[in-house]
Protein chains: 2
Amino acid sequence: MDARILTIGQLARETGTKVETVRFYEKSGLLPAPARTEGNYRSYDRTHLNRLSFIRRARDLGFSLDQVRALLALSDDREQSCAAVNAIAKEHRAEVERKIADLQSLKKELDRMIDHCGCGIVADCRIIESLSPDGRR
Amino acid sequence: MDARILTIGQLARETGTKVETVRFYEKSGLLPAPARTEGNYRSYDRTHLNRLSFIRRARDLGFSLDQVRALLALSDDREQSCAAVNAIAKEHRAEVERKIADLQSLKKELDRMIDHCGCGIVADCRIIESLSPDGRR
DNA sequence: CTTGACCCTGTAGTGACTACAGGGATCATT
DNA sequence: AATGATCCCTGTAGTCACTACAGGGTCAAG
């Protein structure tokens with residue numbers, strides 16, 4: 001067992017996290033509260049480092065904190081079927097796909113607005129016009 | 001001038017907005033505070049209806065409230081050049097493009113994870129593995 | 001001892017809403 | 001006039017995932 005002990009600042013730096021965020025995760029129940037030094041400093045070991053890395057990785061992939069929470073619980077039970085893991089990941093992927101579709105549709109509308117803007121004065125502005133009810137203001 | 005007067009509920013329904021959101025926009029300074037009835041109900045006219053429609057439309061297109069605020073100010077000055085309007089819209093479009101690219105990259109990673117998941121038990125789960133530091137837990 | 005960096009807890013803010021709570025107003029019906 | 005349903009009011013707090021202080025303590029090096 002790696003006996004390396006880390007302060008919160010060290011843990012944060014190693015995982016590309018802010019100190020405040022680490023404390024937030026602890027408060028949120030995602031990261032277990034660590035032992036403390038005599039000076040009341042948090043004292044992290046490799047277990048915490050691994051867990052925080054997992055959390056950050058999942059967050060970077062856009063999983064919500066609740067999804068991360070569920071994934072962590074699942075990953076703690078190694079004999080469990082990974083069907084639930086799969087389901088979470090697939091639902092998340094579906095959501096990402098929806099967001100992409102929404103944004104692409106949105107971009108098309110913005111393209112239309114911008115490409116039709118002759119850019120003279122506001123009174124003749126096609127962007128303002130298309131934001132206005134009935135294109136009449 | 002259309003003399004039609006609307007309550008907040010009517011205004012909200014006509015613009016697909018929640019009553020609370022209308023009050024929020026008023027508090028945020030986006031929508032001017034309307035006259036009041038003797039019973040202290042808000043009393044909206046067509047000007048407000050037009051303005052709220054503009055706000056909703058811009059919000060639907062993903063403009064931030066500050067961007068909407070700027071667009072409203074620009075649209076109130078009809079002799080002004082619409083270069084500033086154009087700039088706001090283009091910046092927003094660029095942001096949407098960035099988001100799309102991010103999400104597409106993210107989706108690729110999720111695809112990779114999910115497609116490699118044999119889905120047996122957690123100990124062999126490729127999703128959990130790819131979330132874990134060094135793929136070793 | 002001093003200094004600078006880090007740590008602690010608690011609180012509040014971000015952006016854009018959203019949801020109460022408690023109480024008043026309005027309208028239609030009886 | 002009473003009643004019930006619906007709407008309105010203000011104020012407060014919550015959502016999500018952080019983020020940024022404020023005020024004070026700890027640690028290590030000089």
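Note: hydrogens, waters and symmetry copies are ignored here, and every other heavy atom, side chains too, is used. Letters go in sequence order (proteins before strands), and every chain restarts at 1.
Straight-line distance from the NZ atom of B/Lys27 to the C1' atom of C/dG15: 14 Å, rounded to whole Å. Regarding B/Ile5, its CD1 atom lies at a distance of 15 Å from the P atom of D/dC8, rounded to whole Å. When rounded to the nearest whole Å, the span between OH of B/Tyr44 and C1' of D/dC8 equals 11 Å. In this structure, A/Gln10 places its CD atom 12 Å from C1' of C/dA5, rounding to the nearest Å. Atoms CD1 (B/Ile8) and C1' (C/dA25) sit 14 Å apart, rounded to a whole Å. Rounded to whole Å, atom P of D/dG24 lies 17 Å from atom CG of A/Asn40. The distance between atom CD of B/Glu95 and atom P of C/dG15, rounded to the nearest whole Å, is 13 Å.
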Can you pull every protein N or O that's under 3.5 Å from an N or O on nucleotides 16-19 of chain D?
residue: D/dA17; atom: OP1; partner: A/Leu65; partner atom: N; Å: 3.2
residue: D/dA17; atom: O3'; partner: A/Arg59; partner atom: NH2; Å: 3.3
residue: D/dC18; atom: OP2; partner: A/Tyr25; partner atom: OH; Å: 3.0
residue: D/dC18; atom: OP2; partner: A/Arg59; partner atom: NE; Å: 2.5
residue: D/dT19; atom: OP2; partner: A/Thr21; partner atom: OG1; Å: 3.3

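Along DNA chain D, the nucleotide nearest B/Ser43 and the nucleotide nearest A/Glu38 are compared for position; the residue whose nucleotide lies closer to the 5' end is B/Ser43.
With hydrogens and angles left out, the side chain of A/Tyr41 and the base of C/dC6 share a donor-acceptor pair within 3.5 Å.
A salt bridge links A/Asp111 with A/Lys107: the distance from a Lys NZ or Arg NE/NH1/NH2 to an Asp or Glu carboxylate oxygen falls below 4.0 Å. A salt bridge is absent between A/Lys99 and B/Asp102; no separation between the charged side-chain nitrogens and carboxylate oxygens falls under 4.0 Å.
Under 4.0 angstrom from either OP1 or OP2 of C/dC8 there lies at least one side-chain N or O belonging to A/Arg42. Here A/Arg23 reaches the OP1 or OP2 of C/dC8: one of its side-chain N or O atoms lies under 4.0 Å away. Phosphate contact (OP1/OP2 of D/dC8, side-chain N/O of B/Thr7, threshold under 4.0 Å): present.
Remark: side-chain polar atoms of A/Arg69 are paired, donor with acceptor, to backbone N or O of A/Ser28 under 3.5 angstrom.
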### Query
Given B/Val122 and A/Asp77, is the side-chain contact (heavy atoms from CB on, under 4.5 Å) satisfied, shown in steps?
CA-CA 7 Å; B/Val122 166; A/Asp77 184 359; 5.9 Å; no
### Message
I'd like to know whether A/Asp60 forms a salt bridge (Lys or Arg N to Asp or Glu O under 4.0 Å) with A/Arg56, so could you lay out the CA-CA distance, the side-chain angles of the two residues, the decisive distance to 0.1 Å, and finally the verdict.
### Response
CA-CA 6 Å; A/Asp60 286 343; A/Arg56 291 310 313 171; 3.8 Å; yes
### Task
Determine, stepwise, if the pair B/Leu49 / B/Arg4 fulfils side-chain contact (heavy atoms from CB on, under 4.5 Å).
CA-CA 10 Å; B/Leu49 181 59; B/Arg4 191 167 59 131; 3.8 Å; yes
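Neither side chain, A/Glu129 nor A/Ser132, offers a donor N or O lying under 3.5 Å from an acceptor on the other.
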